[in-house]
Amino acid sequence: MKSVVIGHILALSSVGLVAASCAEANSLGDGRDAGPSIVGFTPPDGGDGGDPFDAGETTLMCASNKCMGTFTTCPGSAFLCDTDLANDLNNCGRCGFTCSTNDPYNVVKFTCSEGKCVSAGCGLNPLGLQLADCDGFLDNGCEVTLGESPDNCGACGDKCAQGENCIFDYSTYTGHCGCAPPLLDCSNGARCTDPRNDDANCGACGNVCRPPAGKTAPPKSHFGCSKSECGHLKCDEAAPFYRFADCNKDLESGPTSDGCEVDILAPNDDHCGACNNKCKDGQHCFFDRMSGPICECPTGQRFCEERGTCIDTSSDPKNCGGCNVVCPGPTNPAVQHGGPTCRSGQCGIECEEGFADCNGDINDGCEVELRVDPKNCGGCGVICDGVALQPCVGGKCAVEPCGGPR
């Protein structure tokens, strides 16, 4: 198989494709097409639909100023042929057709696939609760908040038994019917409680523990519920503010007890986060906002006091190479298509797929869309100039067969 060059026309072979000017290419004029009509790019006749170049023939290709495949030019387009009607959410199947519903929270997720709007699931409401489309009717959006109703508790159709509440678990942000034993629903569906140690529901719902007559609890302790029975000495706690502990084990020693003498949530080099968790020599206990008291940061991280947590300064754009060293980013979020990045403690910019920072100006971010810009087609500085108004289609300068197999 060989490629033949004829005048300004280059040939397409199985080795590769190169396009040059083609005098007979049709002009698009201003190229503004308000409708869905697309000039299709049809490969040369390949017989059975296989590779049309397998027969040892060479197909000549010319630069083109026509849109190819599902690409077209819509009103408001920045470039010719810059809209792919097959997967553009704002021009799905035809120019101006946007995938949307009457969803008040705007959380129905869509994709545009083969020119049709396809539901990709529901998101969260403003409170962070999972929404669902349980009736299958997209026009009313995601109409059910899971975890709020016994009819759709953990999922659509997850119906709780008669008299059983739907309990919303805020630790997992999911709902479940009733409480798994030994837990009890003592708050009419608000939460599950453990009767083995709940001072307000000890052994049973509503059984509140009170101090035994004539007895006084040692400092930072109280008489409460343990093993489903009232009257047991317990250390006071109100996380995340304080959590007292009996580290010297004298709580039950009577009047001589110093009670729960250590607040293990406070920085303490001898009891850092737990009794007798002693920091190594040279280390100090500090309170990490994410994980609580710790003696030192994990390998590769350092404690940033202003942030109140351990941070990997080699990769954090807000602490790049040091605490509070913020990498600069685009000043116009509407055109950025990327953002600051930190690699090995050095600031940079990372572009979204298909975009590039061709002018080197971080203020406008990744300003070029390589998929459609004829002056940066598939890469910065790659210009489509084979013919007048040659568009960039899908990151490649448009070409078309210009004479069929030779």
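Note that the structure is a prediction, hence the values are computed from the model and not measured. Residue numbers run from 1 in the order of the sequence given.
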Between CG of D385 and SG of C377, what distance do you get to the nearest 0.5 Å? 11.0 Å

I want to check something: taking the side chain as every heavy atom from C-beta on, are T341 and C327 in contact at a cut-off of under 4.5 Å? no

Look only at the side chain of N319 and the backbone of N324, and say whether a donor-acceptor pair between them is shorter than 3.5 Å. yes

Would C380 and C358 satisfy disulfide (SG to SG under 2.5 Å), going step by step from the backbone distance to the final call? CA-CA 6 Å; C380 292; C358 291; 2.0 Å; yes

Check the surroundings of atom CD in Q283: do more than 12 heavy atoms from other residues, nucleotides or ligands lie under 6.0 Å from it? yes

Between D169 and T174, a side-chain donor and acceptor under 3.5 Å: no

Report, as yes or no, whether the 6.0 Å neighbourhood of atom CD on E114 holds more than 12 heavy atoms from other residues, nucleotides or ligands. no

Could you tell me whether the side chain of E296 and the main chain of H284 form a donor-acceptor pair under 3.5 Å? no

Specify the closest pair of heavy atoms between A398 and Q390, including all atoms of both residues, with the distance to one decimal. O-NE2, 2.7 Å

Cationic N near anionic O, under 4.0 Å, D199 to K234: yes

Determine the minimum heavy-atom distance between G322 and R302, stating which atoms define it. CA-NH1, 3.9 Å

Report the C-alpha separation of L370 and F355 in whole Å, then their side-chain angles, then the decisive distance to 0.1 Å, and conclude whether the side chain to side chain contact (heavy atoms under 4.5 Å, CB included) test is met. CA-CA 6 Å; L370 301 175; F355 290 84; over 6 Å; no

Minimal non-hydrogen separation, A63 against G386, with atom names: CB-CA, 3.7 Å

Distance, nearest 0.5 Å, that separates SG of C202 from CG of N207: 6.0 Å

Heavy-atom pair with the smallest gap, counting every atom of C95 and T73: SG-O, 4.2 Å

Cationic N near anionic O, under 4.0 Å, E369 to R371: yes

Should the ring pair F168 and Y173 be called parallel, tilted or perpendicular, given that the plane angle runs from 0 to 90° and is split at 30 and 60? perpendicular

Between F223 and A217, the two heavy atoms sitting closest are CE1-N, 3.7 Å

Taking all non-hydrogen atoms of both residues, which atom of D250 and which atom of S253 are closest, and how far apart? O-OG, 2.6 Å

Taking the side chain as everything from C-beta on, heavy atoms only, tell me whether L233 gets closer than 4.5 Å to P218. yes

Would you say C230 and C209 have SG atoms less than 2.5 angstrom apart? yes

Count the heavy atoms of every other residue, nucleotide or ligand shown that sit under 6.0 Å from CD of E305, and state whether that count exceeds 12. no

Verify whether one side chain among D82 and S77 offers a donor that lies under 3.5 Å from an acceptor in the other. yes

Between C272 and C279, is the SG-SG gap less than 2.5 Å? no

May I ask you to test the P219-F244 pair for a side-chain heavy-atom distance under 4.5 Å? no

Can you check whether S113's main-chain N or O pairs, donor with acceptor, with N87's side chain at less than 3.5 Å? no

Any non-hydrogen side-chain atom of T145 less than 4.5 Å from a side-chain atom of Q130? no

Check the pair L251 / C260 against side chain to side chain contact (heavy atoms under 4.5 Å, CB included), numbers first and verdict last. CA-CA 7 Å; L251 186 59; C260 301; 4.1 Å; yes

Let me see the working for D288 and T309 under side-chain hydrogen bond (donor to acceptor under 3.5 Å, both in side chains), right down to the final yes or no. CA-CA 5 Å; D288 187 300; T309 188; 2.8 Å; yes

